[in-house]
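Comments concern the structure below.
Whatever order the structure lists them in is the order used to number ligands and atoms, beginning at 1.
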Amino acid sequence: MPRSKILKIGGSVITRKDAKTPTLNRKHVRQIARDVARWLKKSDGRLIVVSGAGSFGHPLARAYQLNAPHAQKDALGFVRTTASMLNMAQQVAAIFHAQDVPLCPIATSSVFTTADGRITAWHATPILHALETGLIPYLWGDAVFDLQHRYRILSGDQVMTFLALKLEIGELLYGTDVDGVYTADPHRDPQAAHVAEINDANYAQVRELLGASAHADVTGGMRGKIEELYRTPKRPLRAVIYDATRPRNTYRALRGKAVGTRLVFRAPPA
Ligand code: IP8
């Protein structure tokens, strides 16, 4: 789909990720909604929004071990998680609608099925129809039905790269709480150096430098994000990982201005 983009807003941006109870970061959501509204006025491009789960999903997924690679799963844990994610989506949508942005929540748990944690079936029509009628489909990392393990966790990152491949969208934006990729966690290590670009030549080296996320993240943090992206056989594939907590940065990223870390993959994944 030419001139289409997918924007993933990380769970650490959209929620208070270390909160004990599910808590939306309303300030960040409002900022991003404003930036999308501004971009919509200047662009006739299409946009899909995907978000992380943050404090609405990860603590429940861990408590109920929903991402474990076996079928002994708690049914109530599954519905508590999908319901919590629906609650998040409803709150996010209300904030976007207040800015006149036609964000259209489409529940990931109703649209995607996995086998051993990887998407094997999906229902494209609601997403395509939303795009065709000028809406912005909104999906999120969620608990989903899994053919082998009853339920599994499907990360927003996998949803994003799957859609990129199926809908042939080569421009992906990742709004995170750091200004792109660093050689170490910039929140903890003052020696952390910013990586301006990741490409075919330095991918393997950068990947080795990245550790796990500092929060209760069951899907792998920054390293997981970059691996997921690289593994997607869509080429050329362009992405940007930027700090979405800063006002106007999402607008800049949507307009293609230099923010964060740029990723450009041309050669097929090794
Ligand atoms: O935050 C995880 O999605 P992510 C989904 O995009 C749940 O990794 C429910 C933990």
Side-chain angles (χ1 to χ4, degrees), residues 6-25 28-29 32 48-69 73-92 105-114 116-119 122 137-146 149-164 172-178 210-229 231-232 239 241-242 244-245:
I6 309 178
L7 166 65
K8 159 102 195 276
I9 310 164
S12 51
V13 176
I14 207 162
T15 75
R16 300 198 181 278
K17 203 165 174 179
D18 37 19
K20 291 224 166 25
T21 54
T23 312
L24 202 70
N25 191 320
H28 290 164
V29 180
I32 293 165
I48 297 175
V49 172
V50 177
S51 83
S55 53
F56 285 79
H58 284 274
L60 282 164
R62 277 172 88 90
Y64 291 105
Q65 295 283 296
L66 289 174
N67 208 27
K73 299 276 166 66
D74 185 324
L76 209 52
F78 173 74
V79 291
R80 280 191 177 129
T81 307
T82 53
S84 177
M85 293 311 304
L86 284 169
N87 174 20
M88 181 180 109
Q90 204 168 16
Q91 293 187 44
V92 170
I106 297 175
T108 302
S109 57
S110 307
V111 169
F112 291 97
T113 309
T114 58
D116 193 12
R118 303 297 301 177
I119 299 168
W122 70 306
Y138 169 41
L139 299 113
W140 49 88
D142 209 346
V144 296
F145 294 112
D146 187 279
H149 304 143
R150 198 173 283 228
Y151 319 117
R152 282 287 292 261
I153 292 301
L154 174 58
S155 78
D157 289 333
Q158 193 188 149
V159 170
M160 186 183 199
T161 49
F162 180 88
L163 291 176
L172 310 182
L173 295 90
Y174 291 89
T176 68
D177 64 348
V178 286
L210 301 174
S213 163
H215 302 284
D217 192 330
V218 292
T219 47
M222 188 65 88
R223 183 172 165 150
K225 189 185 303 306
I226 289 168
E227 285 174 341
E228 188 69 57
L229 186 65
R231 267 211 301 266
T232 307
I241 300 177
Y242 71 97
T245 68

Provide the number and element of each atom of ligand 1 under 4.0 Å from a heavy atom of A61. 10 (C)
Do the ring planes of F162 and F112 sit parallel (below 30°), tilted (30 to 60°) or perpendicular (above 60°)? perpendicular
Under a 4.0 Å N-O cut-off, is there an ion pair linking E227 with R223? yes
Is the shortest N/O to N/O distance between D142 and ligand 1 below 3.5 Å? no
Just heavy atoms, cut-off under 4.0 Å: does Q158 contact ligand 1 by side chain, backbone, both, or neither? neither
Of all residues at least two apart in sequence or in a different chain, which pass the salt bridge (Lys or Arg N to Asp or Glu O under 4.0 Å) check with R150? none
Looking only at heavy atoms, what is the nearest atom pair of W140 and T108, with distance? O-OG1, 2.6 Å
Any N/O pair G156/ligand 1 closer than 3.5 Å: yes
Quick check on contacts: which atoms of ligand 1 are under 4.0 angstrom from a heavy atom of K8? 6 (O)
May I ask you to check if ligand 1 and A53 share an N or O to N or O distance below 3.5 Å? yes
Would you find a donor on one side and an acceptor on the other, under 3.5 Å apart, between the side chain of S55 and the backbone of T23? yes
